[in-house]
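Let me begin by presenting the structure, written as structure tokens, before commenting on it.
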Amino acid sequence: RFGVGTTVTLDSQGKPATVVGKLAIKTKQIAPISENTLSAAAQRFLTTNRRFLQLNPTDLRPVRQWCDQPFYPGKKEGIFSIFYQQYYRGIPVYLSLVGITTNDGKVVLVQNKQYKSISVSTTPTLPQADALTFAQRHLQENVQPQQVSLVIYPEEKEDRLRLYLAYRLEMPPVWKATYTATKPLDDVPLAMTYFIDAHTGNIISYHNRISGEVEGQVQGSIFPEHHLQERDVRPFAHEAVIVGTEQVVTDNEGVYAAA
């Protein structure tokens with residue numbers, strides 16, 4: 001459908017998760033691609049291919065975009081990327097991400113992590129104060145959250161997907177005693193995020209936002225103009241790097257950091 005050499009990867013729902021390659025479908029409807037026209041071109045691409053990607057473009061809201069200047073002489077346009085988050089009846093879907101990357105006017109990458117056929121009640125029956133009480137009990141600290149919001153939380157276990165309406169509670173940092181193999185008793189900072197079922201009050205998931213920091217640089221060897229030249233090592237900017245459960249993006253120097 002998208003051209004020779006294109007690779008499509010399917011997710012557990014059977015829909016395309018990634019589409020990689022020089023796609024045959026171009027974005028010539030709005031040319032040239034620029035920071036000002038990228039959003040409109042991406043919307044047109046998503047609308048044209050909504051059945052193949054199994055998504056509804058009206059459920060997506062842009063969260064960020066960027067551009068890189070062309071690497072090679074003669075290229076009129078650089079590399080542009082735009083990312084969206086999925087919403088269901090005005091509520092964000094946690095960890096959803098739809099991304100489109102163009103290179104010199106052609107779509108070369110589609111990332112499609114969103115959830116189809118969502119059917120959950122968006123009116124919580126559990127008061128927010130009760131959700132906070134459950135989080136405080138688990139944390140064993142009577143502290144107030146820094147932020148509380150409603151999200152659609154996807155839980156994937158053994159290729160089975162379940163979606164919840166959940167309170168997302170960002171708790172402030174606290175110091176807690178923990179036991180480890182190397183240090184029998186140690187105080188560590190915890191900045192917990194809780195996802196609590198907005199109907200039953202069950203704690204669906206939680207994690208500590210504070211962890212050891214990881215940093216590095218993404219770079220690679222490329223031919224400046226053609227393959228007869230010597231390779232040149234350059235940093236790769238705006239690349240997605242997954243560290244644990246977190247996804248970060250490299251800066252203009254290819255540097256990334258995640259805590």
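Quick caveat: nothing in here was measured; it's all calculated off a predicted structure. Positions are given from 1, in the same order as the sequence printed here.
- Contact annotation: the side chain of R50 never approaches that of F52 to less than 4.5 Å [non-hydrogen atoms, C-beta and beyond].
- Of the possible polar contacts, one joining the N49 side chain to the F45 backbone as a donor-acceptor pair under 3.5 Å is found.
- Residue V63 is not grouped with residue L46 when hydrophobic side chains (ILVMFWY) are merged at heavy-atom distances under 4.5 angstrom, including chains of intermediate members.
- Between G201 and F134 the shortest heavy-atom distance is O-CD1, 3.4 Å.
- Between Q111 and L109 the shortest side-chain heavy-atom distance falls below 4.5 Å.
- Paired with T101 under the rule side chain to side chain contact (heavy atoms under 4.5 Å, CB included), one option of V20, I79, I82 passes, and it is I79.
- Closest of all the heavy-atom pairs between P235 and G254 is CB-N, 3.9 Å.
- When hydrophobic clusters are built by joining Ile, Leu, Val, Met, Phe, Trp and Tyr residues whose side-chain heavy atoms come closer than 4.5 Å, directly or via intermediates, Y87 is not grouped with L53.
- The side-chain heavy atoms of E155 and K157, taken from C-beta on, include a pair separated by under 4.5 Å.
- Counting only heavy atoms from C-beta outward, the side chains of Y194 and H138 approach each other to under 4.5 Å.
- For the pair R209 and M192, the minimum side-chain heavy-atom distance is 4.5 Å or more.
- To the nearest 0.5 Å, atom CD of residue E239 and atom OH of residue Y256 are 12.0 Å apart.
- Remark: L38 CG to S81 OG distance equals 8.0 Å, nearest 0.5 Å.
- Of the N and O atoms on the side chains of E170 and T193, at least one donor lies less than 3.5 Å from an acceptor on the other residue.
- Between L97 and F83 the shortest side-chain heavy-atom distance falls below 4.5 Å.
- Hydrophobic cluster membership is shared by V148 and I203, with clusters built from Ile, Leu, Val, Met, Phe, Trp and Tyr side chains linked at under 4.5 angstrom.
- The two residues P145 and P172 have their closest heavy-atom pair at CA-CD, 4.2 Å.
- Remark: side-chain polar atoms of D59 are not paired, donor with acceptor, to backbone N or O of Q86 under 3.5 angstrom.
- Residues V241 and T250 come closest through the heavy atom pair CG2-CG2, 4.0 Å.
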Is there a side-chain contact (heavy atoms from CB on, under 4.5 Å) between S121 and H199? Walk through the geometry before answering.
CA-CA 9 Å; S121 171; H199 298 295; 3.8 Å; yes

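- Taken to the nearest 0.5 Å, the CD1 atom of I91 stands 14.0 Å off from the CZ atom of R168.
- Here the side chain of Q114 pairs no donor or acceptor atom with the backbone of V98 at under 3.5 angstrom.
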For the pair I222 and V233, evaluate side-chain contact (heavy atoms from CB on, under 4.5 Å) and give the outcome as yes or no after the intermediate values.
CA-CA 6 Å; I222 67 170; V233 176; over 6 Å; no

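- No close placement of the Y206 and F195 rings is indicated, their centers lying 6.0 Å or farther apart.
- Across G14 and Q54, no two heavy atoms sit closer than the pair O-NE2, 3.6 Å.
- Judged by distance alone, the side chain of E156 and the main-chain N or O of R162 form no donor-acceptor pair under 3.5 Å.
- Formation of a donor-acceptor pair under 3.5 Å by the Q136 side chain with backbone atoms of V143 is found in this model.
- A donor atom on one side chain and an acceptor atom on the other are not found under 3.5 Å apart for Q128 and Y167.
- The minimum heavy-atom distance linking A131 with I196 is given by the pair O-CD1, 3.1 Å.
- Only one option out of L165, D197, L95, I204 pairs with Y153 in a side chain to side chain contact (heavy atoms under 4.5 Å, CB included); it is I204.
- Using a 4.5 Å heavy-atom cutoff, the side chains of L161 and P154 are in contact.
- S96 places no side-chain N or O within donor-acceptor distance of the main-chain N or O of Q85, the cut-off being under 3.5 Å.
- The distance from atom CD of Q146 to atom CE of M171, rounded to the nearest 0.5 Å, is 9.0 Å.
- Checked by atom type and distance alone, the side chain of K15 never pairs as donor or acceptor with a backbone atom of L55 at under 3.5 Å.
- I118 and L150 fall within the same hydrophobic cluster, defined by Ile, Leu, Val, Met, Phe, Trp and Tyr side-chain heavy atoms under 4.5 Å apart, directly or through other members.
- For the pair V174 and L139, the minimum side-chain heavy-atom distance is below 4.5 Å.
- Within the model, atoms CD1 of I100 and CZ of F80 stand 14.0 Å from one another, a figure rounded to the nearest 0.5 Å.
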Could you go through the side-chain contact (heavy atoms from CB on, under 4.5 Å) check for Y84 and Q43 one step at a time?
CA-CA 10 Å; Y84 300 84; Q43 280 292 324; 3.4 Å; yes

Take I152 and V120 through the side-chain contact (heavy atoms from CB on, under 4.5 Å) test and state the conclusion after the steps.
CA-CA 8 Å; I152 304 298; V120 298; 3.7 Å; yes

